[in-house]
Amino acid sequence: MLILALETSCDDTCCALLEAGRTGFRILSNVVSSQIKTHAPYGGVVPSLAAREHAKNIIPCLQEALKKSRSENIDLIALTIGPGLAPALLVGVSAAKALSYAWQKPLVGINHLEGHIAANFIGRNSKFYIPNSNDVQFQNYGQIQFPAICLVVSGGHTMLVLMRDYGHYQVLGQTRDDAAGECFDKVARILGLGYPGGPAIAEAAKFSMFYSQFSIELPRPMLKTQDYDFSFSGLKTAVLYQVKNQPYKTQQSKNYIQSMCVEVQQAVVDVLVTKTIKAVQEFQTKTVLLAGGVAANQHLRQTFKHRLNFFPNKVNLFLPAPQFCTDNALMIALAAYLRVRKRRELLFERYPWQRIKPDSNLCLSSWLNH
Ligand code: KG4
Ligand code: ZN
């Protein structure tokens, strides 16, 4: 089955072409057009500018993604329908609907977070798409054993999800205020590190505390609570007050900024890893999945590897490659394939993701045997 996918929920215009079968898949294209330069001066994503950029970039991205196939060979068009910035989403929805109408192909609307989770099926040893290469090989899906605990950590969401099977999502807890990525982005703005904050903080946090002239301590919000909820706005405020209480010269000093980044990253990682492991223990799961842009963070990945290594029972850790953690359309194509294959309505608890109804022109039955 050949799937064209579009993703425009935030500040990346993404198109991908995926050939997916029962046992494996081939990544024919995975195009991401970033808008970082547009939003950087504002320290965050401006929805109206994001929509304008998507409208400008969507056709070139589609042209690039479609180089490897003719439109008549496409079986399905997948698109992100939320959550995300409404004006940004609308560009992808309009483009996908126009293509669906022109080519008379079915549409599948995909939840953005389900897309992030589906990135785990790309597997560990992916042979990535090589531009202009004709040698794009088939690879197997990641073999995920359920039940699994999935930590979804992005710019807009932080949640722990119990998955008893693919398509079964029980949200155990989520952030009560800021998401982990949002916390990184806001702290980076306070420290003058620019946008997006996560990669900037991760880069600055490579600094060794051995050379630090400062002893900085930040809270680990909700680390010890019995539930699976998170809260990161207090952490951001703690950084703000600690910075404000320093003399201007210290605030601007590289050593101080780097030391602060080490501590912020450690505080976020401590909370995320501790709560995920608590859930693994309570629900006796065999697998941990990481999903969303913050899952690209090397310190988070290393800490998970380290902690799960010392776990009494073997727990498989899935870490999508960093380029598949941040927004992309390949994950949307994969989620569409898995959904069509499973023929299941999604089950969501405690969180108002829409139950996605197939579009009127989607005829599932004709795709099930592909
Ligand atoms: O999933 P994503 O690309 O977009 C949303 O769905 O929100 O996630 C973007 C978020 C941003 O907050 C960004 O700062 C964060 O992911 N991020 C990172 C890293 N790369 C991206 N955070 C920490 N370390 C990284 N390496
Ligand atoms: Zn995302």
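We count ligands from 1, going down the list as the structure has it; atoms in each ligand are counted the same way. FYI, the numbering just counts along the sequence from 1. Computation of the quantities below employed the complete heavy-atom set of this structure, encompassing side-chain atoms and omitting hydrogens, waters and symmetry-equivalent molecules.
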Which of the numbered atoms in ligand 1 are below 4.0 angstrom from a heavy atom of [X]?
{"X": "Gly156", "result": "7 (O)"}
{"X": "His116", "result": "1 (O), 6 (O)"}
{"X": "Phe184", "result": "22 (N), 23 (C)"}

Aromatic plane relationship, Phe230 with Phe232 - under 30° parallel, 30 to 60° tilted, over 60° perpendicular: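 Phe232 and Phe230: parallel rings.
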
side-chain contact (heavy atoms from CB on, under 4.5 Å) partner of Leu160, chosen from Thr276, Asp227, Val280: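 Answer to the side-chain contact (heavy atoms from CB on, under 4.5 Å) test with Leu160 among Thr276, Asp227, Val280: Thr276.
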
Hey, is His112 touching ligand 1 through its side chain, its backbone, both or neither, going by heavy atoms under 4.0 Å?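 For His112, the contact with ligand 1 is made by the side chain alone.
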
What part of Gln298 sits under 4.0 Å from ligand 1 if we count only heavy atoms: the side chain, the backbone, both or neither?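 Near ligand 1, Gln298 shows nothing, with every heavy atom at 4.0 Å or more.
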
Does Glu282 form a salt bridge (Lys or Arg N to Asp or Glu O under 4.0 Å) with Lys275? I'd like the steps, not just the answer. CA-CA 11 Å; Glu282 182 178 341; Lys275 289 228 153 164; over 6 Å; no

Name the closest protein heavy atom to [atom], giving the residue it belongs to and the distance to 0.1 Å.
{"atom": "atom 15 (C) of ligand 1", "value": "Val294 CG2, 3.9 Å"}
{"atom": "atom 2 (P) of ligand 1", "value": "Asp327 OD1, 3.4 Å"}
{"atom": "atom 12 (O) of ligand 1", "value": "Asp185 OD2, 2.8 Å"}
{"atom": "atom 10 (C) of ligand 1", "value": "Gly155 N, 3.5 Å"}
{"atom": "atom 24 (N) of ligand 1", "value": "Asn297 ND2, 3.0 Å"}
{"atom": "atom 22 (N) of ligand 1", "value": "Gly198 CA, 3.2 Å"}

Closest non-hydrogen atom pair between Ala88 and Thr8, with its separation: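 Closest approach of Ala88 to Thr8: O-OG1, 2.9 Å.
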
If you measure from CD1 on Ile59 to CG on Leu66, what distance do you get to the nearest 0.5 Å?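 Separation between the atoms: 9.5 Å.
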
Quick one: CG on Leu218 to NZ on Lys236, what's the gap to the nearest 0.5 Å?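 Reported value, rounded in 0.5 Å steps: 13.5 Å.
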
Does an N or O anywhere in Gly181 fall below 3.5 Å from an N or O of ligand 1?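 Yes.
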
Would [X] and [Y] count as having a side-chain donor-acceptor pair, cut-off 3.5 Å?
{"X": "Glu53", "Y": "His39", "value": "no"}
{"X": "Gln174", "Y": "Asp229", "value": "no"}
{"X": "Tyr337", "Y": "Asp75", "value": "no"}

Apply side-chain contact (heavy atoms from CB on, under 4.5 Å) to the pair Thr287 and Phe146, showing each step before the final yes or no. CA-CA 7 Å; Thr287 309; Phe146 293 102; over 6 Å; no

Crowded around Glu72 CD? As in, over 12 foreign heavy atoms under 6.0 Å?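 Counting neighbours around CD of Glu72, more than 12 heavy atoms of other residues, nucleotides or ligands fall under 6.0 Å, so yes.
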
Non-hydrogen atom of Cys10 closer than 4.0 Å to ligand 1: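 No.
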
Check for me whether His299 has a heavy atom closer than 4.0 Å to any atom of ligand 1.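 False for this residue.
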
Out of Pro83, Ala180, Gly293, who gets a non-hydrogen atom closest to atom 17 (N) of ligand 1?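 It is Gly293 that holds the nearest heavy atom.
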
Any side-chain heavy-atom pair of Asp11 and Tyr195 under 4.5 Å: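 They are in contact (side-chain heavy atoms under 4.5 Å apart), so the answer is yes.
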
Distance filter under 2.8 Å, centred on the Zn ion (ligand 2) - protein N, O or S atoms that pass it: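 Less than 2.8 Å away from the Zn ion (ligand 2) sit His112 NE2, His116 NE2, Asp327 OD1.
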
Looking at Tyr141, does the NZ or CZ of Arg341 lie under 6.0 angstrom from its six-membered ring centre and within 45 degrees of the ring axis?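 Judged by the rule (NZ or CZ under 6.0 Å from the ring centre, within 45° of its axis), Arg341 counts as positioned above Tyr141.
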
